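In what follows, a single structure is set out as structure tokens and then discussed.
Each chain gets a letter, A, B and so on, in the order the sequences are listed, and its residues count up from 1. None of these values were measured; they are calculated from a predicted model.
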There are 2 protein chains.
Amino acid sequence: MLRISKMTDYATVLLARLAAAPERQLTAAQLSAVTHLAAPTVSKVLKQLHRRGLVSSTLGLRGGYRLARPAAQITAAQILDALEGPMALIECASHSHQCSIESTCGVGRAWQRVNLAIHRSLQEITLVELAGLGGEPVRFAALERALRGGRAERA
Amino acid sequence: MLRISKMTDYATVLLARLAAAPERQLTAAQLSAVTHLAAPTVSKVLKQLHRRGLVSSTLGLRGGYRLARPAAQITAAQILDALEGPMALIECASHSHQCSIESTCGVGRAWQRVNLAIHRSLQEITLVELAGLGGEPVRFAALERALRGGRAERA
DNA sequence: TGATATAGGACTAAACTAGTCCTATATCAG
DNA sequence: CTGATATAGGACTAGTTTAGTCCTATATCA
Ligand code: FES
Ligand code: FES
């Protein structure tokens, strides 16, 4: 359904760790140790996150990583986009009209709107929620409110 | 992001065709002709849809497929589930605690809740909307209302 | 100067997807 | 009864994607 690749999950784990200690600067090795993820993998993910501007880094001895901005300003959508590209919606319409049946279809567009709606929802979920740092564990109030509004709340 | 496989898209296209002529019974060959999808592929998708109970079929000469129930009772979530399995959420927690870092993580659960919220939203979108048969083109009111509720409507 | 870190990218193995094809079975016309 | 038409099921292949490792270059500082 919503397929989150392992790498994206790892990214979230690492970002959550960094978010938990915003003042410190952690090395890839430290993050590997504390998360029990393989060092090369951690390194790879962090480099990707750095490329996409979610973390900032310091080179050399005493180097390391830290969040590029407060956790509240990092959204689930940004994490997804950083690790999995702009967003792999329905394949048909993604790269300039590759689909041979586009004319008779009309369905692709509908799926894309679903995708867009989801993407916008994910922009409301921040690293604070994902990392469980806020008071509430995770709060998808916005998304869930929609369901209750559109259909009678059950029980 | 939300990765819909081609097969799922094809399924939607085929279901939309069937929904457009609920009284008729169409063969795989006819559907292939009208959608311009390769015959073997159409066949494969229809068989899968039959297995999952979304279409009913008649064997033999003058056989064919038709919707198993009214389009309004077939949801996007059902289509997704039929083609892509129960729902491939975050890989970690999907198959009984495979993840080695589950204890230190806590993030998987957050993603899963996101996934669940999306899944529930998709239960409110029916084939009628996907096929563009209703008066309105597609109506993700529920999902979009959430965004407007959580954040000031722009423009 | 050398130890420590990140940066970037090449590379491999495994998993998944898309798509085709083959065989079996049900239905019905003649 | 026989043969043509359709679906049912599943095996199989090729292509793509993902996960993960490894190597080389560069920056920092004791
Ligand atoms: S646009 Fe490609 S199947 Fe709909
Ligand atoms: S449970 Fe596996 S990474 Fe979180």
Margin query: Only pairs with both distances under 3.5 Å count, Watson-Crick or wobble alike; so what is the partner of dG30(C) in this structure?
Written below: dC1(D)
Next item on the list: With rounding to the nearest 0.5 Å, note down the distance linking OG in S32(A) to CZ in R17(A).
Entry: 11.5 Å
Notebook entry, point to check: Does Y10(B) make a side-chain N or O approach to OP1 or OP2 of dG19(C) shorter than 4.0 Å?
Noted result: yes
Next item on the list: Provide the Watson-Crick or G-U wobble partner of dA30(D), both distances under 3.5 Å; none if there is no partner.
Entry: dT1(C)
Margin query: For a quick test of reading the model: is some side-chain N or O of R51(A) closer than 4.0 Å to OP1 or OP2 of dA7(C)?
Written below: no
Checklist line | A38(A) side chain, from C-beta outward: closest of dT17(C), dT21(D), dG10(D) | finding: dT21(D)
Check: What is the distance, rounded to the nearest whole Å, between atom CD of E84(A) and atom P of dT16(D)?
Finding: 20 Å
Check: Looking at dG9(C), dT20(C), dA27(D), which one has an atom nearest to any side-chain atom of K47(A)?
Finding: dG9(C)
Notebook entry, point to check: In Å and rounded to the nearest 0.5 Å, what is the OG1 to CD distance from T35(B) to Q30(B)?
Noted result: 11.5 Å
Checklist line | L61(B) CG - dT7(D) P separation (whole Å) | finding: 11 Å
Next item on the list: With the side chain of S57(A) defined as its heavy atoms from C-beta on, choose the nearest nucleotide among dT6(C), dA8(D), dT21(D).
Entry: dT6(C)
Next item on the list: Please determine which of Q123(B), R52(B), H119(B) meets the side chain to side chain donor-acceptor pair (under 3.5 Å) test together with D81(B).
Entry: H119(B)
Checklist line | Value in whole Å for how far the C1' atom of dA5(C) lies from CG of L31(A) | finding: 13 Å
Checklist line | Nucleotide nearest T27(A) when distance is taken to its side chain, options dT7(D), dT6(C), dC29(D) | finding: dT6(C)
Check: What does A28(B) touch in the nucleic acid at a heavy-atom separation under 4.0 angstrom: a base, only the sugar-phosphate, or nothing?
Finding: sugar-phosphate
Next item on the list: For R66(A) and dA5(C), give me the distance from atom CZ to atom C1', rounded to whole Å.
Entry: 14 Å
Next item on the list: State which of dC28(C), dA18(C), dC29(D) makes the closest approach to the side chain of K6(B).
Entry: dA18(C)
Next item on the list: Please report, rounded to the nearest Å, how far the C1' atom of dT6(C) is from the CD atom of Q48(A).
Entry: 15 Å
Check: How long is the span from the CD1 atom in I4(A) to the CG atom in L83(A), to the nearest 0.5 Å?
Finding: 10.5 Å
Check: Out of dG19(C), dT6(C), dC29(D), which has the shortest distance to the side chain of T41(B)?
Finding: dG19(C)
Notebook entry, point to check: Would one find a side-chain N or O of R62(B) under 4.0 angstrom from OP1 or OP2 of dA29(C)?
Noted result: yes
Check: On DNA chain D, nearest-nucleotide positions of A39(A) versus Y65(B): which is more 5'?
Finding: Y65(B)
Margin query: I want to verify a distance call: between dC22(D), dA19(D), dA7(C), whose nearest atom is closest to the K44(A) side chain?
Written below: dA19(D)
Checklist line | Gap separating the CD1 atom of I79(B) from the CG atom of L49(B), nearest 0.5 angstrom | finding: 8.0 Å
Next item on the list: Output the single nucleotide from dG19(C), dG8(C), dG10(D) whose closest atom is nearest the side chain of M7(B).
Entry: dG19(C)
Next item on the list: Please report, rounded to the nearest Å, how far the C1' atom of dA19(D) is from the CG atom of L37(A).
Entry: 12 Å
Item checked: Q48(B) and R51(B): side chain donor to acceptor below 3.5 Å -> yes
Next item on the list: Write down the distance between CG (L59(A)) and P (dA7(C)), rounded to a whole number of angstrom.
Entry: 5 Å
Next item on the list: Round to the nearest Å and state the distance from D9(B) atom CG to dT17(C) atom P.
Entry: 15 Å
Check: Mind checking who dG10(D) pairs with, Watson-Crick or G-U wobble, both distances under 3.5 Å?
Finding: dC21(C)
Checklist line | side-chain contact (heavy atoms from CB on, under 4.5 Å) partner of Y10(B), chosen from V42(B), L15(B), L37(B) | finding: L37(B)
Note to self: Regarding S43(B), tell me which of base, sugar-phosphate or nothing describes its non-hydrogen contacts under 4.0 Å with the strands shown.
What the structure shows: nothing
Notebook entry, point to check: Is any side-chain nitrogen or oxygen of T58(B) closer than 4.0 Å to OP1 or OP2 of dA6(D)?
Noted result: no
Margin query: Whether H50(B) contacts dA8(D) is assessed here as follows: a side-chain N or O lying under 4.0 Å from the phosphate OP1 or OP2. Is that the case?
Written below: yes
